[in-house]
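A short write-up of the structure that comes next.
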Amino acid sequence: MNEFELIRRYFQRPARRAAVRLGIGDDGALLQPDGAQELVICSDTLIAGRHFPAETPSGAIGYKALAVNLSDLAAMGAEPLAFLLNLSLPEADETFLEGFAAGLFELADRYDVDLIGGDTTRGELAITVTALGQVPAGQALRRDGARAGDVLGVVGTLGGAAQALALGDAAPAALRARLDRPEPQVAAGLALRGLATSAIDVSDGLAADLGQVLTASNCGATVDARRLPVDPLLADLPAARQLELALRGGDDYALCVSVPADRLAAVREALGERWQEMGAIEPAPGLRLRGADGKVEPLATGGYRHF
Ligand code: ADP
Ligand code: MG
């Protein structure tokens, strides 16, 4: 199977969305966002052995390659439209490709996004997805908009993916799914347009990702250990381990969001149970943790660094 057959067999499908004027097959794709919308573009690479264990089922790899990008769109408040897929494969393995495409399109169909192009080469297993979305001009949820006095909240749960990674093959299936099939918080991102002052998706751990918001927004925050939305699947673990997973565990793709006090009621109404308030933005720089004993201590924001 050469790469043109491979693309036709596994990746070429009729477009779902009117915005896609031309998809796979030409030198470039044509995408027409709605008028008065800004295009939101994000890209993430997954490398075997670094971003997922080498023995991960191919369906989970396909799913996750798109999920992490839809999560970035969600964190911008964007409506997903389409994506590109750059694949580096050691070989054209049909079993791998069937599973990969099934996982990928399971999520693509759920969020109504079209695969409109990409590139296919031989090499170490690596997947880059570039996702495109749209947001009404000026309404994107950025990292630099948090202000002292805002309430901090999380959409989604924390710590499950990191515990699944730590347990490896011993992880029960429900926990393993937190790592392999995270749910991007797309609907919440859309609902938070016009309400949130900042948003970031938690990929490196809450402390690290919130640290990015604080730096970009020139402010600080205190987070309340008792109010963190720890994944219910971790309920049997010691409290200290739950806290560490919730603060440092990556890969959960929850949204960490700041909201001005006068918009809190609207956010609670829009998100219901999915919304968990857990802290406050403050003028003093740095991140602090209020522990179960009520004591406030500084909290390091360092996360995983490739370099
Ligand atoms: P070119 O020679 O113009 O770079 P390619 O041979 O790389 O074109 O790809 C042919 C077509 O298939 C292009 O439209 C490209 O976007 C698309 N394509 C290539 N690889 C993938 C892929 N992995 N997924 C989706 N579309 C792909
Ligand atoms: Mg090419």
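We count ligands from 1, going down the list as the structure has it; atoms in each ligand are counted the same way. Counting from 1, the numbers follow the sequence of the chain as shown.
Using a 4.5 Å cut-off between side-chain heavy atoms of Ile, Leu, Val, Met, Phe, Trp and Tyr, with links allowed through other members, F11 and L66 fall into the same hydrophobic cluster.
Atoms of ligand 1 found under 4.0 Å from any heavy atom of D119, numbered from 1 in the order shown, are 7 (O), 19 (C), 20 (N), 21 (C), 23 (N). In the vicinity of D27, heavy-atom distances shorter than 4.0 Å reach the ligand 1 atoms 3 (O).
Residue F4 has no N or O atom closer than 3.5 Å to an N or O atom of ligand 1. For G25, a nitrogen or oxygen atom sits less than 3.5 Å from a nitrogen or oxygen atom of ligand 1, counting backbone and side chain alike. Looking at L115 next to ligand 1, no N or O pair under 3.5 Å apart turns up.
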From CA spacing to verdict: side chain to side chain contact (heavy atoms under 4.5 Å, CB included), L255, L141: CA-CA 11 Å; L255 294 184; L141 308 176; over 6 Å; no

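Residue-level proximity to ligand 1 for I7 is carried by the side chain, the only part with a heavy atom below 4.0 angstrom.
Here the shortest heavy-atom distance to atom 17 (C) of ligand 1, taken over D26, I24, N2, L89, belongs to I24.
With respect to T128, the side-chain hydrogen bond (donor to acceptor under 3.5 Å, both in side chains) criterion is satisfied by exactly one of T45, D119, D44: T45.
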Side chains of residues 153-177: which donor-acceptor pairs under 3.5 Å do they make with residues two or more places apart or in other chains?
| residue | atom | partner | partner atom | Å |
| --- | --- | --- | --- | --- |
| T157 | OG1 | D231 | OD2 | 3.4 |
| Q163 | OE1 | R241 | NH2 | 2.9 |
| R176 | NE | D180 | OD2 | 2.9 |

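With contacts defined as side-chain heavy-atom distances shorter than 4.5 Å, the pair Q185/D201 does not qualify.
In this structure, D114 has no salt bridge (charged side-chain N to carboxylate O under 4.0 Å, His left out) partners at least two apart in sequence or on a different chain.
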